[in-house]
Novice: 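I have a structure here, written as structure tokens, and I will follow up with some questions on it.
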Protein chains: 2
Amino acid sequence: MSAEGAVFRPVQPVRAYQRVAEQIEERILSGDLPPGSRLPGERDLVSQFAVGRSTVREALRVLQSAGLVRSRPGDPLGAEVLGVTPDNLSRALGRLARSHISSLGELVQFRMVLDSESNRLAARLHDEEDLRRMTEIIERMESLSAGTADLHAFSETDALFHRAVAEASGNSLLGLCARAVHDAVVDVIEEKIAVAADATVWMERSVAHHRQVLAAIRAGDGALAARLGRQALYDYYAERVEEDTRRLLTAALGDDDGR
Amino acid sequence: MSAEGAVFRPVQPVRAYQRVAEQIEERILSGDLPPGSRLPGERDLVSQFAVGRSTVREALRVLQSAGLVRSRPGDPLGAEVLGVTPDNLSRALGRLARSHISSLGELVQFRMVLDSESNRLAARLHDEEDLRRMTEIIERMESLSAGTADLHAFSETDALFHRAVAEASGNSLLGLCARAVHDAVVDVIEEKIAVAADATVWMERSVAHHRQVLAAIRAGDGALAARLGRQALYDYYAERVEEDTRRLLTAALGDDDGR
DNA sequence: GGAAATCAACTGGTCTGACCAGTCACCTGG
DNA sequence: CCAGGTGACTGGTCAGACCAGTTGATTTCC
């Protein structure tokens, strides 16, 4: 054996479609191909990469299943570049949950951590513009809850609020992950049905909760904002989680001693 | 317009390869095809699904890029079922981090949140086995730091410790995400170079830090364990972050008033 | 002239059939 | 009993074809 340790690293074959996919992904992630722009048509790519069409198509399938690209039959403009969305993250989370590698309790606990820290940071770092936007979103939620019980539009607006909080916290990553976990949770339990029964009262309570959070953020009280976020999730999910993982939620809730 | 609202939902065409992939994924997630088992060969699948080989192959590409399956040229047993692994989650998160992130500060802030909450929960929920494992890992780190300065092995062991903490917290998701973000950070700054200069002293300090964290966890002092985790990241990265995003770290650090 | 129908040149989705390099079970000769 | 050869596989890749659908220019009709 020469010198010390291994000098050469094992090398595994790299498939042609992989190299094609990597090249395109690199261009997308680097911002070179911004969202909304178009890839050349498949037959163009064939000649540009000097590979067969099936190779190009397999590469596009990989990118599409990663949510980076979308293609539509007959589109003369070629595949559309999508930005990086949290959709793929939530799919991965959903699969983990479905295969019992992680439980619903873990997902909810994770959301409690993300949401509450997001709230806490927002309370510390927000500016006036953030507050204005959040206020406006809450008002829209209120008008929605008063009108026809359009649950879909309501939860869309709810997601908007959370994103606004994440933006105020200065960390969009927090918001994106929280969104992904939220989607995965919704995927695991069909909460919409459970809620639809008394949609109106639920929406009103939700609006009230968001007002409290906003007030805490405006006051700069990070600890309170964080606790509110945790508590709301706990109240909502504690009963829906398997008994043996409920302790996860309780632990994430914290005992409020000094927090 | 009939009755109220839309009665029919828009329907988008479902490609053949999608239906193939869905059928196989369903069998895998339901446990019907356990990890280690084999899919039929591509030509078998062609006849079973009654589609062309390119369709089957595109479906397999999707499953493979989701980490559910792996295929090897020449393998007479067919593609291997891998079961659900967190690899895909890491890749998805890595992409999010790479594209949606304007600053290194956000990444580090996110890690501060994940690590510290992971520590806090571990302090609340650990059992004896967790403590034993963590102790062992720290001892291994110590012997590594004393021997030849093998930075690679050391940071591997470091990652092991963090995973052990995440397991103790009952939430592997926290650990997985922290790891993915860590990799993204390493991708942004080549910290290894920065560290290599005084590797030995750095490793010793790292071991001391981990001992402190373990002690806090063993004592059940979640607040302390969390603060230690945040502080270590802050100390290490504060100088390497662009000035205008350092406030993110400071905010995530907390002012320790009650936290 | 302007709106509507028509049409031709595309697109992506799918299928077929072929070839290659690699792998593995099996057989053969020692 | 084992080393080495061999042939029937495998997945990876390519080329070419067809289809249904989209698009935009062209033609037709009022």
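Numbers restart at 1 for each chain; the letters A, B, ... are given by sequence-line order, proteins then strands.
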Novice: What contact category does A:Ser54 fall into here, base, sugar-phosphate, or nothing, at under 4.0 angstrom with non-hydrogen atoms?
Specialist: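 It contacts base atoms.
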Novice: Just how far, in rounded Å, is P of C:dG17 from CZ of B:Arg53?
Specialist: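 Distance, rounded to whole Å: 13 Å.
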Novice: Considering just the side-chain nitrogens and oxygens of B:Ser71, establish if one lies under 4.0 Å of OP1 or OP2 belonging to D:dT10.
Specialist: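 Answer no for this pair, as no side-chain N or O of B:Ser71 is under 4.0 Å from OP1 or OP2.
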Novice: Using whole Å, what does the distance between atom C1' of nucleotide C:dG17 and atom CZ of B:Arg57 come to?
Specialist: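 It is 15 Å, rounded to the nearest whole Å.
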Novice: If I take atom CG in residue B:Asp75 and atom C1' in nucleotide C:dA25, what distance separates them, rounded to the nearest angstrom?
Specialist: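 Going from CG in B:Asp75 over to C1' in C:dA25 covers 13 Å.
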Novice: What's the CG-P distance between B:Leu77 and C:dC24, to the nearest Å?
Specialist: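 One finds 8 Å between P of C:dC24 and CG of B:Leu77, rounded.
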Novice: Regarding A:Gly52, tell me which of base, sugar-phosphate or nothing describes its non-hydrogen contacts under 4.0 Å with the strands shown.
Specialist: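 Result for A:Gly52 = sugar-phosphate.
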Novice: Round to the nearest Å and state the distance from A:Glu58 atom CD to D:dC14 atom C1'.
Specialist: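 Checked: the CD to C1' distance equals 11 Å.
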Novice: Please evaluate the base of D:dG11 for a donor-acceptor partner in the side chain of B:Arg43 within a cut-off of under 3.5 Å?
Specialist: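 Indeed there is one.
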Novice: Is B:Arg61 side chain donor-acceptor paired with the D:dG12 base, going by distance under 3.5 Å alone?
Specialist: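 Result: no qualifying N/O pair found.
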Novice: Could you tell me if A:Ser65 and B:Ser65 have a donor-acceptor pair between their side chains, going purely by distance under 3.5 Å?
Specialist: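 Yes.
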Novice: In terms of the nearest nucleotide of DNA chain D, which residue is placed more toward the 5' end: A:Pro76 or A:Ala50?
Specialist: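 Looking at the nearest nucleotide for each, A:Ala50 comes out on the 5' side.
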Novice: Assign each of A:Val14 and A:Arg72 to its nearest nucleotide of DNA chain D by heavy atoms, then name whichever residue's nucleotide is nearer the 5' end.
Specialist: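 Its nucleotide being nearer the 5' end, the pick is A:Val14.
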Novice: Search all heavy atoms of B:Gly83 against all heavy atoms of B:Pro35 and return the closest pair with its distance.
Specialist: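 So the minimum-distance heavy-atom pair works out to CA-CG, 3.8 Å.
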Novice: Starting from P on D:dT10, measure out to CZ on A:Arg15 and report it in whole angstrom.
Specialist: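 So the two atoms are 16 Å apart, to the nearest Å.
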Novice: Whole Å only: how far is the CG atom of B:Leu45 from the C1' atom of D:dC9?
Specialist: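 Nearest whole value for this atom pair: 16 Å.
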Novice: Could you tell me if A:Arg57 and A:Tyr17 have a donor-acceptor pair between their side chains, going purely by distance under 3.5 Å?
Specialist: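 Side-chain D/A pair, A:Tyr17 to A:Arg57: absent.
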Novice: In whole angstroms, how far is the C1' atom of D:dC9 from the CZ atom of B:Arg38?
Specialist: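 Taking CZ of B:Arg38 and C1' of D:dC9, I get 15 Å after rounding.
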Novice: Side chains of B:Gln64 and B:Arg61: any donor to acceptor distance under 3.5 Å?
Specialist: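 Yes, because at least one side-chain N or O of B:Arg61 sits under 3.5 Å from a partner of the opposite role on B:Gln64.
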Novice: Do A:Ser172 and A:Glu167 have side-chain atoms, one donor and one acceptor, less than 3.5 Å apart?
Specialist: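 Looking only at side-chain atoms, A:Glu167 and A:Ser172 do not form any donor-acceptor pair under 3.5 Å.
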